[in-house]
Amino acid sequence: MADTPLLSMSRVEKRFAGIPALSGASLEILPGEVHALIGQNGAGKSTMIKVLTGYHRRDGGTVTFAGEPFEVHSPHQAQASGISTIYQEINLVPLRSVTENICLGREQRRFGLLDWNAMHREAERLLSTFGIRIDVRRPLMDFNTATQQMVAIARAIGFSARLVIMDEPTSSLDDKEVAVLFRVIRQLKADGVSVIFVSHKLDELYEVCDRVTIMRDGKTVRVADMDKIDKLDLVSAMLGRDVGRSDGHATAFAERQRSAGEIVLQAQNLAAGHAVRDVSFAVKRGEIVGFAGLLGAGRTETARVLFGIDRAQAGSIRMEGQAYDPKSPKDAIGAGLGFVTEDRKLEGIVPELSVAENLTLALFPRISRRGIISERQQRELVESFIKQLGIKCSGPGQKIRELSGGNQQKVLLARWLATHPRLLILDEPTRGIDVGAKGEIQRLIRSLADQGLAVLMISSELEEIVEGADRVFVLREGRTVAELDGEAITEAGVLDAMAHGHSHQIEQVAS
């Protein structure tokens with residue numbers, strides 16, 4: 001690799017409605033380098049790439065490419081300049097042939113007509129460099145995801161790309177397909193093409209990448225050679241935690257000696273799609289179980305299976321000792337589950353409806369007769385929860401979009417509490433709410449557990465998991481890799497399990 005950067009992004013700024021998404025971020029890519037770009041949700045990775053490829057205009061900073069100042073105003077311009085992006089969701093045309101997808105935008109002509117023979121040969125030539133030999137005349141949709149990924153890469157190379165950006169390229173691939181992709185990446189590197197590799201899978205970074213840039217909160221927090229940074233340091237930098245800090249579970253939560261009741265829900269070797277591969281855990285009555293893990297660990301995907309949004313492909317779930325296999329959220333609600341999703345605005349609230357309507361959405365079948373809602377029952381129920389949870393609003397008829405984030409979250413909690421659930425799943429329960437409201441929500445969750453409710457809490461905030469959970473299951477790349485209890489619940493213990501995929505506690509339990 002040469003020492004002169006192919007790409008240099010320095011002190012890049014980007015704001016949306018005045019809120020910073022990038023704050024002095026930087027990224028440097030050398031020629032013929034495979035460079036990892038990593039960070040949690042909201043770290044700024046996607047914004048950085050969109051600024052580079054012309055999807056967003058930067059508000060500050062400088063970008064140079066191949067030694068020249070660089071600014072494009074569309075992904076098409078970026079591609080024409082030698083930067084190609086291969087997205088997680090393959091953005092090709094499935095009904096068109098492999099040849100058409102590879103040559104789209106740079107068709108070859110002869111006597112004014114499309115030269116199909118020349119384009120077929122070109123497609124075959126590009127794919128053969130990766131060891132792929134297929135009938136390029138067939139529709140792209142006839143081939144599996146891995147082959148479609150190779151077609152996307154061949155298309156990028158066909159545009160004489162000097163830099164290829166791969167956004168979570170292995171998310172839908174099995175192990176054999178990943179091996180083929182890595183062989184292709186190494187071939188690109190050997191040919192002098194640089195690759196930005198965006199992935200949440202730590203093992204993959206060490207297998208294929210030369211260096212890594214770590215982002216957090218819109219800033220570049222660390223750049224390192226992959227062979228000079230271990231997994232624990234990598235995870236700690238992503239999360240902003242000090243691995244050397246001694247932090248026992250000596251909080252008010254930990255000092256309470258809890259006597260949880262019987263098991264409410266138990267999952268064994270659960271698998272679903274590519275995101276959930278082997279997840280096992282149990283939640284008891286009156287306890288808060290925390291799900292910890294990095295982006296892509298499979299936490300939310302597991303919750304979706306429990307709530308019947310997605311179907312399990314393997315493994316088993318038991319609810320209070322009985323086999324449980326929900327085919328829809330309706331089945332899950334009927335079995336006694338509630339689910340507060342992580343995206344409050346998109347999947348939780350209905351912004352134009354009132355507090356009362358949002359709160360009673362899951363109860364409509366119970367408080368209505370022949371499709372007509374009992375206004376008296378609705379009013380009594382809503383007023384009761386407004387008082388019980390301290391929801392600050394002008395009244396049940398106020399539109400929920402006018403409430404603060406914390407009060408919107410309380411309405412969503414009330415929605416499920418009104419169904420009298422046996423198990424409440426909370427996915428990022430304090431995301432996007434202020435510090436004061438966050439404390440209120442956390443105390444409310446603890447109060448619910450104290451009253452006997454089983455709670456499964458998913459959180460990306462280590463402090464929230466360590467202080468709020470009675471037991472913690474750590475997930476990594478779709479698998480349960482650690483179960484922590486009591487004094488073992490520390491930030492250091494959770495970080496170690498995230499980084500290395502094991503814990504002493506699991507080893508002891510297994511033996």
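We're numbering straight along the sequence, starting at 1. Just so it is clear, the model here is predicted, and its values are computed rather than measured.
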Is a side-chain donor or acceptor of [X] paired with a backbone partner of [Y] at a separation under 3.5 angstrom?
| X | Y | value |
| --- | --- | --- |
| R216 | V221 | no |
| R277 | G298 | no |
| E287 | K284 | yes |
| Q398 | V355 | no |
| N407 | K392 | yes |
| Q408 | L403 | yes |
| T170 | V178 | no |
| D233 | I229 | no |
| D225 | D227 | no |
| D485 | R471 | no |

| query | Can you list the steps and then say if E440 with K410 is a side chain to side chain contact (heavy atoms under 4.5 Å, CB included)? | reply | CA-CA 9 Å; E440 278 190 71; K410 287 182 181 180; 2.5 Å; yes
| request: Dump the intermediate steps for side chain to side chain contact (heavy atoms under 4.5 Å, CB included) on M9 and V51, then the final yes or no. | output: CA-CA 10 Å; M9 302 178 72; V51 165; 4.2 Å; yes
Check [X] against [Y] and note the closest heavy-atom contact, atom names and distance.
| X | Y | result |
| --- | --- | --- |
| G44 | L22 | O-CD2, 3.5 Å |
| A418 | L381 | CB-CD2, 4.1 Å |
| A237 | I214 | CB-CD1, 3.7 Å |
| P326 | L306 | CG-O, 3.6 Å |
| E461 | S459 | N-OG, 3.1 Å |
| A414 | L389 | CB-CD1, 3.6 Å |

| Of the options V195, D210, L7, which is the one that meets I29 in a side chain to side chain contact (heavy atoms under 4.5 Å, CB included)? | L7
So do [Y] and [X] actually touch side chain to side chain, heavy atoms under 4.5 Å?
| X | Y | value |
| --- | --- | --- |
| L495 | S236 | yes |
| L27 | T220 | no |
| Q40 | L294 | yes |
| I49 | L52 | no |
| L205 | L234 | yes |
| R299 | E428 | yes |
| T300 | E342 | yes |
| I400 | V350 | no |

Nearest 0.5 Å, what's the [atom1]-[atom2] distance between [X] and [Y]?
| X | Y | atom1 | atom2 | answer |
| --- | --- | --- | --- | --- |
| I196 | I86 | CD1 | CD1 | 12.0 Å |
| M238 | M215 | CE | CE | 12.0 Å |
| I386 | R379 | CD1 | CZ | 12.0 Å |
| L270 | E301 | CG | CD | 11.5 Å |
| Q451 | L417 | CD | CG | 9.0 Å |
| K201 | L295 | NZ | CG | 11.5 Å |

| said: Please evaluate residues I349 and V411 with respect to the criterion side chain to side chain contact (heavy atoms under 4.5 Å, CB included), reporting the C-alpha separation (whole Å), side-chain torsions for both, the decisive distance (0.1 Å), and the verdict. | reply: CA-CA 9 Å; I349 67 169; V411 172; over 6 Å; no
| note | Across all chains, not counting sequence neighbours, the ring-ring contact (aromatic ring centres under 6.0 Å, His included) partners of F291 are F281
| said: Under a 3.5 Å cutoff, is there a donor and acceptor pairing between the side chains of T213 and H35? | reply: yes
| task | Using a strict cut-off of less than 4.0 Å between a Lys/Arg side-chain nitrogen and an Asp/Glu carboxylate oxygen, indicate whether E352 and K399 qualify as a salt bridge. | result | yes
| Any ion pair linking K231 and D203 (charged N to carboxylate O, less than 4.0 Å)? | yes
| Verdict with supporting geometry, H200 and I38, side chain to side chain contact (heavy atoms under 4.5 Å, CB included) | CA-CA 7 Å; H200 57 262; I38 65 172; over 6 Å; no
| Tell me the side-chain hydrogen bond (donor to acceptor under 3.5 Å, both in side chains) pairs involving residues 304-322, sequence neighbours left out? | R285-E320, R304-D310, R311-D325, E320-R422
| Audit row: D470, R446, salt bridge (Lys or Arg N to Asp or Glu O under 4.0 Å) steps and yes/no | CA-CA 10 Å; D470 302 309; R446 173 50 64 190; 3.3 Å; yes
| OH/Y55: more than 12 non-hydrogen atoms of other groups inside 6.0 Å | no
| message | Strictly by ring pair (Phe, Tyr, Trp, His ring centres under 6.0 Å), give each pair with a member in residues 323-344 just once, sequence neighbours left out. | response | F307-F339
